[in-house]
Structure formats: structure tokens, C-alpha cells
Amino acid sequence: MKKTIKSIAAVLAAVMMLLTLCSCKDTSYACTVDNEQFPAGPYAFYAYYTRDKYEAQLTAYGMTDFASALLSDADSEGTKLYTFINEEVKSSYLSHLIVNLKFDQLGLELTEEQQTAINESFQKNWKEEYGEAKFTDICRTLGLTASEFEEMVSVSFKYESLMNYLFGEGGKYEISEEELKSQFDENYTRFRYIAVSKVNSETNTALTTDELIAKKAIIDDAYARALAGEDFGALIAECSEDYIQITDDMTDEEKATYEASNAASREQGLVTDKNGIFDYNYYYYYGYSLDSTIVDKLFTMENGDIEMVELPSSFWIIQKLDKNEDPSYYEAKRDLIYSSISTPIVEEVFNEWENEFAIVFNDAVISKYDPRKIDKLFYVPTAQ
């Protein structure tokens, strides 16, 4: 009996020691750089913010159980969503850390204008947006003071300064306005269109033969009239199924929104790149881009040309327009073009900087802020 009691006591002592060792893991720092410890607060911010971003997005698509969603596959390779989020958090934190380290190393300074913008963003987008009580709770949960939280806000402005250092006038990777404009001229086109579907929109099934003949008659008539010189904008309003018909049951706000969209369809049209992406938000959220048949045709046409294109699910009539008719078309795409040039360079430079600093993560902090272990902090579901 005594031996049994002693054995049990030894096991309990070992368990208690193990629990004590586990509880002593230091979660006050997120990583080390040359043996210098960097606090966990910023990592906690990205962990909570990224977790909440995914819950908000999935809820918008009908998800009701986020805990279960975290255990679901996030890609075709079977990566679980929680792992996917953890990797995104680490990536965001690395960028945050590298920006701060390199900003200081290069001796860069924020301008007075930037400092003012940081303060305004901090006050409006955080303190006022969440309210004093909620913001205080957020800081307490993250282990950040209000001033440290404002430092978080400054990172995007420091990044802006770094980008100007790299790509601005005199920078190692300077991107001139001429280069941006050349990319616009080469890789973008502008057009208007009339679209008629070959599919029943309610059932998503093919039309009957009679229905398809009727649709073909509509598109053939519109094409003949367009070639004869009728106003293309008027034909869009009359024939295109993508043109939104304003009805009496719409609210005034809906009418205003749809009328503005219709006016843009009739007059400005779309400016698309060679990948068929005319709106990156639409592409990001819905994965929609123009069919390559349409895009390829557009890049062989001259301004003013009108062509008919048949796709498996629709008929299109396209009219190519001058993308340089108004400077606003270039200005609307300028940031995207800048990003397409700079992003590959930035990724390479940041990889070099990451290796330069030899950053080592604290696994205890990564485990502590795993999305499966933390609750929502920033995201507040909208009442249904």
C-alpha cells in the first residue's frame, strides 16, 4: 500500500511540475530579434483582428457556427481555416515588425502631416468608432496602452514612407509617371456593351429553342442598328439585360444608386485589364472577370469599332472606346498599376529584410492567440 501511495504521489508531483512549467511559458513577447524581445500586444491585435475579419465575412455568407468553420478546409490541399488564419496573422505581424525596424534603421521620419493624419485616424476609426468603454476593453485584452495602440495606427503611414523611399523620385526602384502611363496604354482598354443571356436567370437552365431564337433576334437587331449608327448608349438602355430597369417599388436611395450605375453603363462604360478584371473588389469578393473571348477581341479592335461576340451563356455586342478620352480613366487605375509593378519587388525586398533581422517567433504566443482559443473582440454581429 505504501509503495502504491508513493507511486501515486510521484506521479502527482510530476504532473504538478509539468503544469507549473507550462504555466511559466513567457507570453509577454511575440518574437526576438537578435535576442531582443518584442512585446506580444501587436501580435494579439493581428490575431483578434484577423479572426474577427473571417467571422464577419463568413457570417455575411450565411455561416452560423464559426467554431466549426475554423475546423473546415480552407483550400483544396486540406489546410484548416484556423491554420490559414494563423499563417495570415504571422505574415501581418512580420510586415508590421519589419516596417518598424527598417523605418528606424533607415532614419526615416513621419511628416507633421502624417502625424496629424495618424491622430485623426486613431480618434475617428478606433476611439470614436468603438466608444471609450469598448476601446478601453480592447486595449486591456490586447495588453496595449492607448498610446501603443496609436503606434499600431502609425505603421501604415511608416509603410507609405518606406514605399516612397524605395519607389519615389530618386529611389532604388523608382517608378516614373511615364512608366505607369505606359502600362495603362498597353494593358487596359475601355468599352461599352449590350448583353443578352442565353440562360434562364431564375432556374439557371438553358432557354428553350423558341426563347433562344427570340433572344437571338433581339441581339441581331441591336447589332444591325448599332452598325447603322444608332446611339449605342440608347441601345444599351433598350436592349441590354445588364441595364437595371428602375421600378416604382424601389426606394429613393436604390433608384439613385441604379440610375448612377446605368448612366455609367451608357456613357463611361468599363475599363478592363488584359485579365478581364474591371473592378478588383468585384473580382475579389465574387471571383468575376470578363470572358477571355471578349477581352481578346477588345484588344484587337480600334476605338469606335463594334463587334458581336457569342459566349456559351450569352450574346454580347461590344463597342471599343478611347480610354484616354478623359484623364479620370487613367487616374482610376493608377494605384492598381503602381501595385502591379511594386508588389513583386516589395515581396522580394521584405524577404531580404526578414532574413537580415533573423526574427524568431515565440511559439507560446502563437498558441495563446490561436483563433480557436480567442473570442471575438472587434467584430460585433449586426442584429438580424
**Message:** Checking E129 against N125: is there a side-chain donor and acceptor pair closer than 3.5 Å?
**Reply:** no
**Asked** For residues N324 and K181, is any side-chain donor paired with an opposing acceptor at under 3.5 Å?
**Response** yes
**Prompt:** D26 and N362: side-chain donor and acceptor closer than 3.5 Å?
**Reply:** no
**Request:** Check the side chains of E120 and Q115 for a donor-acceptor pair under 3.5 angstrom, ignoring hydrogens and angles.
**Result:** no
**Message:** Show me the pairs that pass ring pair (Phe, Tyr, Trp, His ring centres under 6.0 Å) and involve residues 214-267, at least two apart or across chains.
**Reply:** none
Using residues 346-355 as the side-chain source, report each donor-acceptor pair under 3.5 Å to any protein atom, sequence neighbours left out, with the distance given to one decimal.
residue : atom : partner : partner atom : Å
N351    : ND2  : E347    : O            : 3.2
N355    : ND2  : N351    : O            : 3.2

**Complete:** dist Y46:OH -> L97:CG (nearest 0.5 Å) comes out at 10.0 Å
**Message:** Checking Y49 now: which residues fulfil side-chain contact (heavy atoms from CB on, under 4.5 Å) with it, not counting sequence neighbours?
**Reply:** F45, W126, F378
**Prompt:** What closest approach, in Å, do K215 and L207 show between heavy atoms, and which atom pair accounts for it?
**Reply:** CG-CD1, 3.7 Å
**Crowding at CG, D75 (>12 non-hydrogen neighbours, <6.0 Å)** = yes
**Message:** Please report whether the ring centroid of F184 lies less than 6.0 Å from that of Y330.
**Reply:** yes
**Prompt:** Going by atom types only, do Y286 and N281 share a side-chain donor-acceptor pair under 3.5 Å?
**Reply:** no
